[in-house]
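Basis for what follows: all heavy atoms, side chains included, without hydrogens, waters or symmetry-related copies.
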Amino acid sequence: MLMDRSRARRRNLLLAALPPKDFSLLVPHLRDAPLEQGAVLQEQGERIDQVYFPHDGIISLLAVMQQGDAIETATIGHEGAVGMLCGLGPRRSHSRAVVQVAGLASRIAAERFRQAAEESREIRDMIARHGEMLLIQVQQSSACNALHAVEARLCRWLLQVHDRLDSNTIKLTHEFLSETLGVRRTTVTVIASNLQEAGLIRYHRGRIEIVDRAGLEARACECYEAIRRDIDRVTPVAL
């Protein structure tokens, strides 16, 4: 199904920022792509054959170790895309892209996107800005994962997801959270219980409801504000 042009421009900030002339190079080739929770859009080390522009939902980029352990290095919502570097030439994915929160995206074949990028300086600039945005997240997340307590990291992640959703309720499981944070499920259970007792969230059967955002901000590490500030600086439309 062709992606409705007005929806694409309204929801995904990268597509919304493109001038009509440049967007017209993409729109005939954009297709609806439902994002189902747990779906792997790209596997680490495999060739990128599709580019995804989320309109809602959350996609996590995970660094995967040889033994199978994984940890999140970047979070992608309606401000970004997955696989855009293929616009500069054939690329292999440096991470596993997994849908954390279900939603909808537009997808375009890598070859079609590459052809459009060759014709449009605006699209090439978009690729460069998005690459900078990812680098910001990866660098800050690396420091965060190494230096900050799990509770502060979880609060930071919940705030990042909340910024990208139109709801206070996030549908996800302890298993997803443990993979995202690189910790055991029991650790996630204890921390989520502590946050619930503090009145910051409600957690029940795979759903987390943000009750006190200001309280989460107070407990989150400095990385939340650092990432948000730098992404707003390089993103055409702020989160």
Side-chain angles (χ1 to χ4, degrees), residues 1-64 70 72-138 164-165 231 234-237 239:
M1 182 189 303
L2 286 174
M3 183 66 202
D4 177 74
R5 176 171 177 158
S6 63
R7 180 194 288 178
R9 292 187 66 81
R10 182 175 67 251
R11 297 298 299 166
N12 184 274
L13 299 186
L14 293 175
L15 296 180
L18 284 176
K21 179 182 177 181
D22 303 273
F23 183 70
S24 68
L25 297 173
L26 300 176
V27 72
H29 311 294
L30 292 172
R31 301 291 185 271
D32 280 344
L35 301 175
E36 298 181 2
Q37 189 178 50
V40 177
L41 304 182
Q42 292 175 357
E43 186 56 86
Q44 183 170 297
E46 294 185 357
R47 186 164 180 161
I48 298 172
D49 60 3
Q50 299 284 331
V51 182
Y52 294 86
F53 294 92
H55 303 297
D56 50 27
I58 302 293
I59 300 168
S60 290
L61 302 186
L62 304 173
V64 184
E72 185 182 78
T73 58
T75 304
I76 307 295
H78 69 288
E79 83 293 342
V82 173
M84 278 187 65
L85 281 178
C86 72
L88 304 179
R91 292 288 191 279
R92 293 187 180 275
S93 178
H94 297 297
S95 58
R96 176 185 294 163
V98 180
V99 177
Q100 290 277 34
V101 178
L104 179 70
S106 291
R107 64 175 174 84
I108 183 173
E111 182 59 32
R112 294 289 191 183
F113 185 67
R114 190 154 46 245
Q115 291 170 358
E118 290 174 355
E119 297 181 38
S120 168
R121 179 175 179 178
E122 289 286 344
I123 292 177
R124 295 195 298 274
D125 288 346
M126 176 179 71
I127 295 170
R129 288 195 306 271
H130 189 258
E132 183 178 358
M133 185 184 75
L134 284 182
L135 181 60
I136 289 167
Q137 284 205 65
V138 170
R164 292 163 169 84
L165 298 178
I231 287 179
V234 300
T235 303
V237 184
L239 286 172

Q: Determine whether Met133 and Glu79 make a side-chain contact, defined as any pair of heavy atoms from C-beta on separated by less than 4.5 Å.
A: yes
Q: Is it the case that the side chain of Gln37 and the backbone of Gln100 share a donor-acceptor pair, with hydrogens and angles ignored and the cut-off at 3.5 Å?
A: yes
Q: I'd like to check Met84 versus Met126 (side-chain heavy atoms, cut-off strictly below 4.5 Å). Are they in contact?
A: yes
Q: If you look at every heavy atom in Asp56 and Leu35, which pair is closest and at what distance?
A: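 Scanning both residues, the minimum pair turns out to be O-CD1, 3.8 Å.
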Q: Mind listing the closest non-hydrogen atom pair of Ser106 and Leu30 along with its distance?
A: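 Closest approach of Ser106 to Leu30: CB-CD2, 4.0 Å.
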Q: Any salt bridge linking Arg114 with Glu111? Criterion: basic side-chain nitrogen under 4.0 Å from a carboxylate oxygen.
A: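 Yes, this pair counts.
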Q: What are the two closest non-hydrogen atoms of Arg91 and Leu85, and how far apart are they?
A: CG-O, 3.6 Å
Q: With sequence neighbours left out, what residues match Glu118 under side chain to side chain donor-acceptor pair (under 3.5 Å)?
A: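 For Glu118, no residue satisfies side chain to side chain donor-acceptor pair (under 3.5 Å) once neighbours in sequence are set aside.
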Q: Side chains of residues 45-53: which donor-acceptor partners sit under 3.5 Å, not counting sequence neighbours?
A:
| residue | atom | partner | partner atom | Å |
| --- | --- | --- | --- | --- |
| Gln50 | OE1 | Arg107 | NH1 | 3.4 |

Q: Could you give the distance from CD1 (Ile108) to CG (Leu15), rounded to the nearest 0.5 Å?
A: 9.0 Å
Q: When rounded to the nearest 0.5 angstrom, what is the spacing between CG in Leu88 and CZ in Arg124?
A: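 That separation rounds to 9.0 Å.
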Q: Using side-chain heavy atoms (C-beta onward) and a distance below 4.5 Å, is Leu61 in contact with Leu134?
A: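 Leu61 reaches Leu134 side chain to side chain.
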Q: Using every non-hydrogen atom in the two residues, find where Ala117 and Ile127 come nearest and quote the distance to one decimal.
A: CB-CD1, 4.1 Å
Q: With a 4.5 Å cut-off on side-chain heavy atoms, are Thr73 and Gln137 touching?
A: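 Of all side-chain heavy-atom pairs linking Thr73 with Gln137, none is under 4.5 Å.
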Q: Do you know which two heavy atoms are closest between Ala74 and Glu72, and how far apart they sit?
A: O-CG, 3.4 Å
Q: Could you point out which residue of Glu43, Gln42, Gln44 forms a side chain to side chain donor-acceptor pair (under 3.5 Å) with Arg96?
A: Glu43
Q: Under 3.5 Å, side chain of Ser120 to main-chain N/O of Glu122, donor-acceptor pair present?
A: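 Pair found, side chain donor or acceptor close to backbone of Glu122.
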Q: Nearest 0.5 angstrom please: His78 NE2 to Leu104 CG, how far?
A: 13.5 Å
Q: My understanding is that only one of Asn12, Leu25, Leu26, Val27 makes a side-chain contact (heavy atoms from CB on, under 4.5 Å) with Leu18; could you say which?
A: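 With Leu18 as partner, Asn12, Leu25, Leu26, Val27 yield a single side-chain contact (heavy atoms from CB on, under 4.5 Å), made by Leu26.
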Q: With sequence neighbours excluded, tell me which residues meet side chain to side chain donor-acceptor pair (under 3.5 Å) with Ser95.
A: none
Q: Any heavy-atom pair between the side chains of Pro54 and Ile59 that's under 4.5 Å?
A: yes
Q: Is the side chain of His130 donor-acceptor paired with the backbone N or O of Ala81 at a distance under 3.5 Å, no angle test?
A: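 Confirmed, His130 side chain pairs with Ala81 backbone.
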